Amino acid sequence: MTIRVYNTMTRSKEEFVPREAGKVAMYVCGPTVYNHIHIGNARTFLSFDVIRRYLMWRGFQVTFVQNITDVDDKIIKRATEERRTPAEIAETYTLAFRSAMDELGVLPPTRQPFATQTIPAMIDMVKRLIERGHAYVADGDVYFSVRSFPGYGALSGRNIDELESGARIDVDERKQDPLDFALWKSAKPGEPHWPSPWGEGRPGWHLECSVMSEGELGLPLDIHGGGSDLVFPHHENERAQSEAATGTMFARYWLHGGMLQINAEKMSKSLGNFLFLKDVLARYPAPVIRLLMLQTHYRSPLDFSDARLEEARAALERIENLVRNLRWVGEREPEGSGVPRPALERLSSAIEGTRAKFIEEMDDDFNTAAALASVFELARTANSFVSEHQGDIGGVERAVLHSAEELVTDLLGALGVDIAPETASSYPPDVVQVAAELAGYQGSDPQEAVRALLAARDAARSERNWAAADAVRDGLEMLGFTVEDTPQGVRVIYR
RNA sequence: GGCGACGUCGCCAAGUGGCAAGGCAGAGGCCUGCAAAGCCUUUAUCCCCGGUUCGAAUCCGGGCGUCGCCUCCA
């Protein structure tokens, strides 16, 4: 079985064959650290986190490199506004970025180079481009000559002449062609600067990704990823620089994620309709946000809203309940005499079928929505099995149900969704007080207190004293517990 | 103006030639002392018009609508 990916370069799905068997060299454009990242940035990083995790799950050794762009016009602008140095701005938002990614559950990159620590290699690439006739110096600036690179436009599907006629490009006298872009910019007073053969200056956008990806991974990269708004000009220019400088293919597969929208419009800082990731994380747990993203294919536009977050929350609960139900059955002593063989075999084959379907869908350009559907179908099958046969669960059945539980957590884990285990250790201390009032509990241990409350409720129920029983349940629910009476007895969930 | 993507149930969404996945929400029912969880039942000639085909949501042409890129953008 092979994995197929949609390659922007060829506009088609292709079989994924890495340059070295079993290993994947992956580069995803990281943030320019001039502000907190927004939920649209987060979508892209989440999409590539899922791709990376899935490739790992499928047995590839993935080297994942993501840059931090810590020198840029926007950082300088922000620094001026806040009367801080660009380095301070960059540091502040680098730390914010890392902690937000961590909270979102995005795996840290294998390596995360900084643009400012790669300046000599950038200067070196600019030199190579000048030597090869792909760049020229003008007044302390260095420009890349797009006409010197025959494949320019191939990635984004445009040609130079059309771009020029469409032109909203500022005409700069120093450029030989309006589409030429800066490799090196001479520094104005007060701007960060580094010495170079062309005078004090700083690198242009695009250059850092070319240099860092090559430096960390070597060429060609297997996967180069980013949001679809980076296709032009950023990735087009990166590719032109790198291939012109090295004569080697830059990236084997170009993957681009769809835009996140709010009210059917792209969210962007310039439109002012953006949400910071940190603010969304303050209201919804990371797995809810991740599940919302997973329910749409990574290349499609995704409309983001509170309503969709609520839906995702409910959908995640369905999966969590499934796992909880399976664990609950698995932890009981098997008492039943067994389930008819055909029913058990249907369950077993559903479990195997789910794994196969999940892999088939994910192998097809990371179709997370369809892969998730296979898990939901298993939920129905396993839940009905339990509800139909709950009195007959024996050792064999228990083992099969346990394998279903393991499969669900494994598959969701492959997508980066951790199904939270029950954490009995973190019961709130207030429960002791409630237990003292309602159950005459004398001790100080929250877990014992809960047990005492449940025993008191049980006693009340057997006397058909519903008021007393419900008082216990209400007391527990006020503290965040959910009390459920199952055919196997009462269980309590704390979240 | 140029290039590109998309239009599938009330909402979200998968599905690129052969009986239209899944999630959320709604309705009815089962289970329960009541709940919770769960189960069952229930809602789609796939934007419109033509064409190709034995057969089209899926391919082709036209129309309408939405969005993205072309300028910093994930």
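Just so it is clear: chains get the letters A, B, ... in the order the sequence lines come, proteins before strands, and each one is counted from 1. Here the structure is a predicted model, which is why all the values come from computation and not from measurement.
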How is [X] classified with respect to the nucleic acid when contacts are heavy atoms under 4.0 Å: base, sugar-phosphate, or nothing?
X	answer
Glu388(A)	nothing
Val231(A)	nothing
Arg461(A)	base
His256(A)	nothing
Gly40(A)	base
Arg457(A)	base
Arg158(A)	base
Ser156(A)	nothing
Leu260(A)	base
Arg473(A)	base
Glu310(A)	nothing
Asp470(A)	base

Can you check the distance between [N] and [M], where both ends of the measurement are the [atom1] atom (answer in whole Å)?
N	M	atom1	answer
rC6(B)	rG17(B)	P	15 Å
rC48(B)	rA57(B)	C1'	14 Å
rC9(B)	rU45(B)	P	10 Å

Point to revise | Pairing partner of rA36(B) (Watson-Crick or G-U wobble, both distances under 3.5 Å) | key: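 Matched rA36(B) with nothing under the 3.5 Å cut-off.
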
Practice item. Could you please spell out the steps behind the salt bridge (Lys or Arg N to Asp or Glu O under 4.0 Å) verdict for Lys13(A) and Asp365(A)? Key: CA-CA 7 Å; Lys13(A) 280 186 201 170; Asp365(A) 196 31; 5.3 Å; no

NZ/NE/NH1/NH2 to OD/OE distance under 4.0 Å, [X] and [Y]:
X	Y	value
Glu360(A)	Lys357(A)	no
Arg53(A)	Asp49(A)	yes
Glu317(A)	Arg313(A)	no
Arg457(A)	Asp485(A)	yes

Practice item. Round to the nearest Å and state the distance from Gln295(A) atom CD to rA25(B) atom P. Key: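 Rounded to the whole Å, the gap is 12 Å.
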
Practice item. Starting from P on rA74(B), measure out to CZ on Phe274(A) and report it in whole angstrom. Key: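 Computing the Phe274(A):CZ to rA74(B):P distance gives 12 Å.
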
Check your understanding: Does the side-chain ring of Phe376(A) lie flat on the base of rG23(B), meaning centres under 5.5 Å and planes less than 30 degrees apart?
Key ->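 Phe376(A) ring does not meet the centre or angle cut-off for rG23(B); no stack.
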
Point to revise | Proximal nucleotide (of rG38(B), rC69(B), rA36(B)) relative to the Arg318(A) side chain | key: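 It is rG38(B).
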
Practice item. Go through the N and O atoms of the side chain of Asp485(A) and the base of rC34(B), and report whether any donor-acceptor pair is under 3.5 Å. Key: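 Yes, the side chain and the base share a sub-3.5 Å donor-acceptor pair.
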
